[in-house]
Amino acid sequence: MTMSKTPDSAVRAYIEQHRAAFLDDLAEWLRIPSVSAQPEHAADVRRSADWLAAKLRETGFPTCEVWSTPGAPAVFAEWPSDDPQAPTVLVYGHHDVQPAAREDGWDTDPFEPVVRGNRLHARGAADDKGQVFFHTLGVRAHLAVTGRTTPAVHLKLLIEGEEESGSPHFRSLVEAHSDRLAADAVIVSDTGMWSEDTPTVCTGMRGLAECEIELRGPDQDIHSGSFGGAVPNPATEAARLVAALHDDHARVAVPGFYDGITELTDRERDLLAELPFDETQWLRTARSTATHGEAGHTTLERIWARPTAEVNGIGGGYQGPGSKTIIPSTAMVKLSFRLVSGQDPDHIEKCVRAWAADRLPAGIRHEITFGAATRPCLTPLDHPALQSLVRAMGRAFEQEIRFTREGGSGPAADLQDVLGAPVLFLGISVPSDGWHAPNEKVELDLLLKGVETTAHLWDDLAQNWRDTP
């Protein structure tokens with residue numbers, strides 16, 4: 001292992017020298033209301049992509065392209081290293097933002113950036129324009145301090161335009177351009193840290209499979225006095241199906257569900273336990289009064305590193321006031337499954353279909369519809385690219401970097417799946433930044449720590465990637 005020789009003080013001096021211009025540029029970008037979910041902003045999303053492509057050219061990227069999709073456009077940029085043996089790194093982020101309006105509870109216009117104290121408030125300040133944009137100053141600092149004319153790695157960027165709308169065309173975009181996007185590692189800058197005082201790197205994200213099960217009994221609602229107790233009731237069977245989803249230890253009871261999962265190592269469990277987790281505060285955030293979940297695991301383990309099955313909806317029969325003594329004709333259940341490394345969504349679908357068919361009695365017809373799935377992704381703690389990221393971030397923050405995972409799911413898994421490259425997460429946002437909420441903000445000191453991290457990262461990756469067999 002080789003440590004990067006880039007002087008920390010020189011990097012910080014360069015960033016400070018260019019801080020004002022960097023923030024002015026970011027504010028200009030934040031003024032573009034690139035709301036992908038609202039058709040009336042389609043032209044703004046395109047304008048945002050064009051703005052970013054122009055700014056990346058100004059930064060020095062020799063290749064900058066706006067890639068159209070059936071929905072909103074993405075931006076691709078590439079800056080090859082003059083070292084043909086250098087590793088290739090692809091940075092992912094998104095330039096679209098959530099809807100926002102003053103009447104939602106904003107103190108100021110959400111698309112007119114305002115600095116209050118050491119915080120920049122605007123829609124997209126943290127999610128995700130701020131975290132995309134810090135890469136522009138980071139690579140410039142890297143070049144200025146090292147004296148290089150090209151990055152130490154082959155650097156690529158893919159900045160999506162539909163993440164806030166569910167990334168409906170993202171996988172097909174990646175598949176269509178897989179040769180241009182080929183990389184040794186993917187860095188996702190659309191994430192956050194534990195807190196301002198506890199900088200962290202995320203090492204994994206759960207996948208997702210979801211389905212709706214429709215149950216049909218009688219061909220129409222029928223009288224419960226005349227037929228009740230003599231024919232199967234689809235609402236009753238829906239309840240039985242839900243009740244059978246977990247065992248007495250809150251483990252998912254679908255046969256084959258846990259096949260092949262990557263279990264937490266003792267070291268990973270110890271590292272998660274080191275985080276300053278306040279369960280009482282977490283419960284307040286969850287608007288709940290007690291924790292519950294798979295026996296033998298802590299709350300953080302349950303939401304980050306264990307697979308789950310949740311009932312998202314259940315219905316059937318009469319829902320109005322008073323009573324209506326019927327056996328309903330139909331019932332339905334909506335289920336979602338969060339998946340961890342080692343689980344395959346196709347296998348989960350087969351297991352759920354077999355489980356439901358086995359539990360439902362004669363006289364109950366059923367149909368299961370699965371939506372598009374997201375695969376889980378996990379980077380081992382000893383992966384050399386992850387170690388480079390941890391060292392670079394440690395130099396920027398001047399303290400130990402700890403590890404988290406992400407309980408949700410996102411398009412990062414598509415990059416891992418299609419490109420076959422490990423996914424790393426570099427984000428500096430903190431929970432108080434208020435993603436998707438009124439008065440979204442980014443802490444300016446942390447934003448510049450993101451700049452500093454990337455200024456060190458490319459050297460470290462280039463020097464240490466070859467140390468691996």
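Values below: every heavy atom of this structure, side chains too, minus hydrogens, waters and symmetry copies.
With a 6.0 Å cutoff to the six-membered ring centre and a 45° limit on the axis angle, R251 counts as a cation-pi contact of Y258.
Here E58 pairs with K55 in a salt bridge; the nearest charged N to carboxylate O distance falls below 4.0 Å. Ion pairing between a basic and an acidic side chain is recognised when a charged N comes within 4.0 Å of a carboxylate O; E452 and R19 show no such pairing. Under 4.0 Å is where a charged nitrogen must lie from a carboxylate oxygen, and between E65 and R180 at least one such pair does.
Taking the six-membered ring wherever Trp is involved, the centroid distance between the rings of F170 and W67 does not fall below 6.0 Å.
No more than 12 heavy atoms of other residues, nucleotides or ligands shown are found within 6.0 angstrom of CG on D266.
Within the 4.5 Å cutoff, no side-chain heavy atoms of W79 are placed close to those of T63. Residues H41 and S48 are not in side-chain contact: their nearest non-hydrogen atoms beyond the backbone lie 4.5 Å or more apart. Residues W194 and R402 are not in side-chain contact: their nearest non-hydrogen atoms beyond the backbone lie 4.5 Å or more apart. In this structure, L137 and D25 have side chains that are not in contact, with every pair of non-hydrogen atoms separated by 4.5 Å or more. Within the 4.5 Å cutoff, side-chain heavy atoms of V66 are placed close to those of D50. With a 4.5 Å cut-off on side-chain heavy atoms, E301 and R269 count as touching. S68 is listed as a side-chain neighbour of R46, based on a closest heavy-atom distance under 4.5 Å.
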T299 vs E279, side chain to side chain donor-acceptor pair (under 3.5 Å): CA-CA, chis, key distance, verdict: CA-CA 8 Å; T299 297; E279 194 164 86; 2.7 Å; yes
Do E398 and R12 pass the salt bridge (Lys or Arg N to Asp or Glu O under 4.0 Å) test, and can you show the C-alpha distance, the side-chain angles, and the key distance before you say yes or no? CA-CA 12 Å; E398 298 184 286; R12 289 176 186 141; 3.7 Å; yes
